[in-house]
Amino acid sequence: LESGLEINSIIVDAKSGISGAGRAKVESTLSEEMVDDFIAYAVEGHRHLPEIKQIVEQVCGKEVHINFLPHLIPTMTGIFASIYVQVNDLVEHLDLESIFTSYYKDSSFVEVLEDEKLPSIKTVRGTNNCNIAVRRTSIPNQILILVTIDNLLKGASGQAMECFNLMEGFDATTGLN
């Protein structure tokens with residue numbers, strides 16, 4: 001968002017382990033219902049869409065069309081997001097990977113994967129890590145960002161610990177390694 005590229009639209013296609021549906025739903029047989037299944041939910045609009053839109057537009061300084069569609073997948077934890085960013089005039093020689101690597105160079109928990117590596121939920125499960133890969137798609141001026149996190153650690157408790165550490169002047173990794 002801060003790269004200077006003119007962003008027109010963003011589609012977030014997020015797949016979440018069933019723990020993302022909440023403890024009550026998981027305990028009420030959701031784990032049994034999800035065996036060999038894959039379902040979309042909040043199709044009319046997810047509760048986090050307004051805050052996502054607010055931050056994106058604040059950073060971009062203009063209106064950006066955004067769609068966020070989550071899916072439940074038959075695994076307990078983890079989020080795998082495929083994010084499609086449509087921009088104006090994506091220069092062919094622009095090194096997208098280096099933009100992300102530079103942006104996250106000081107982040108203890110974010111790894112931008114190189115050399116055609118792709119993120120997976122298994123590699124971040126049980127950690128506070130976030131793995132990212134960035135590619136161009138076959139659609140002109142479109143960027144694909146693939147992201148994986150463990151939604152229980154990076155998505156909730158680990159994020160809270162990281163914020164606490166930063167607010168109290170501790171190293172961001174304290175209690176998270």
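Just so you know, residue 1 is the first one in the sequence shown, and it goes up from there. Only this structure's heavy atoms are used, side chains among them; waters, hydrogens and symmetry mates stay out. As the structure is a prediction and not an experimental result, all values here were calculated from the model.
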Distance-only donor-acceptor check, side chains T127 and D150, under 3.5 Å: no
Taking transitive links into account, so neighbours of neighbours count too, which hydrophobic residues share a cluster with M161 at under 4.5 Å side-chain distance? F109, L176
Note: S98 and D95 closest approach over all heavy atoms is OG-O, 2.8 Å
Measure centre to centre between the rings of Y41 and H71, then say whether the value is under 6.0 Å. no
Paired with E97, the side chain to side chain contact (heavy atoms under 4.5 Å, CB included) test is passed by just one of D115, V134, L113, namely V134
Will you find, in the side chains of R125 and T148, an N or O donor that is under 3.5 Å from an N or O acceptor? no
Give, for atom CD of E57 and atom NE2 of H65, the distance between the pair rounded to the nearest 0.5 Å. 9.0 Å
Evaluate the side-chain proximity of S16 to N151: yes if any heavy-atom separation is below 4.5 Å, no if none is. yes
Spacing of F80 atom CZ and I73 atom CD1 [to the nearest 0.5 Å]: 9.0 Å
If I take atom CG from residue L49 and atom CD from residue Q54, how far apart are they, to the nearest 0.5 angstrom? 11.5 Å
In this structure, CG of N67 is separated from NZ of K53 (nearest 0.5 Å) by 10.5 Å
Does any donor atom in the side chain of S82 or K15 lie under 3.5 Å from an acceptor atom in the other side chain? yes
Check step by step if side-chain contact (heavy atoms from CB on, under 4.5 Å) holds for I18 and T75. CA-CA 6 Å; I18 61 174; T75 188; over 6 Å; no
Straight-line distance of S120 OG to L118 CG, nearest 0.5 Å: 9.0 Å
For D171, give me all partners under side-chain hydrogen bond (donor to acceptor under 3.5 Å, both in side chains), at least two apart in sequence or on another chain. T173
Return yes when atom NZ of K122 has more than 12 non-hydrogen atoms of other residues, nucleotides or ligands closer than 6.0 Å, and no otherwise. no
For F164 and F170, take the angle between the two ring planes, folded into 0 to 90°, and tell me which bin it lands in: parallel under 30, tilted 30 to 60, perpendicular over 60. tilted
Work out which heavy atom in I121 is nearest to a heavy atom in T77; give both atom names and the distance. CG2-O, 3.6 Å
Does D89 reach the side chain of V87, with side-chain heavy atoms less than 4.5 Å apart? no
Considering only heavy atoms from C-beta outward, does the side chain of Y103 approach that of V110 to under 4.5 Å? no
Salt-bridge criterion met for E92 and R136 (N-O under 4.0 Å): no
Side chains of I139 and N141: does their closest heavy-atom pair fall under 4.5 Å? no
Between L72 and G17 the two heavy atoms that sit nearest each other are CD2-O, 3.9 Å
Do L5 and L94 have side-chain heavy atoms sitting under 4.5 Å apart? yes
Verdict with supporting geometry, L90 and L96, side-chain contact (heavy atoms from CB on, under 4.5 Å): CA-CA 10 Å; L90 184 59; L96 297 170; 4.2 Å; yes
May I ask you to decide if A172's main-chain N or O and N165's side chain share a donor-acceptor pair within less than 3.5 Å? yes
Might you work through the side-chain contact (heavy atoms from CB on, under 4.5 Å) test for V12 and I52, ending with a clear yes or no? CA-CA 10 Å; V12 180; I52 294 169; 5.6 Å; no
Heavy-atom side-chain contact between L152 and S157 under 4.5 Å: no
Could you check if a side-chain atom of L144 sits within less than 4.5 angstrom of a side-chain atom of I83, using non-hydrogen atoms only? no
Validation row: N8, K62 side chains within 4.5 angstrom (heavy atoms): yes
If we count only N and O atoms by modelled type, under 3.5 Å, do the side chains of E111 and N129 hold a donor and an acceptor together? no
Smallest heavy-atom separation, L69 atom then A42 atom, equals CD1-O, 4.4 Å
Rounded to the nearest 0.5 Å, how far does CG of L146 lie from CD1 of I132? 10.0 Å
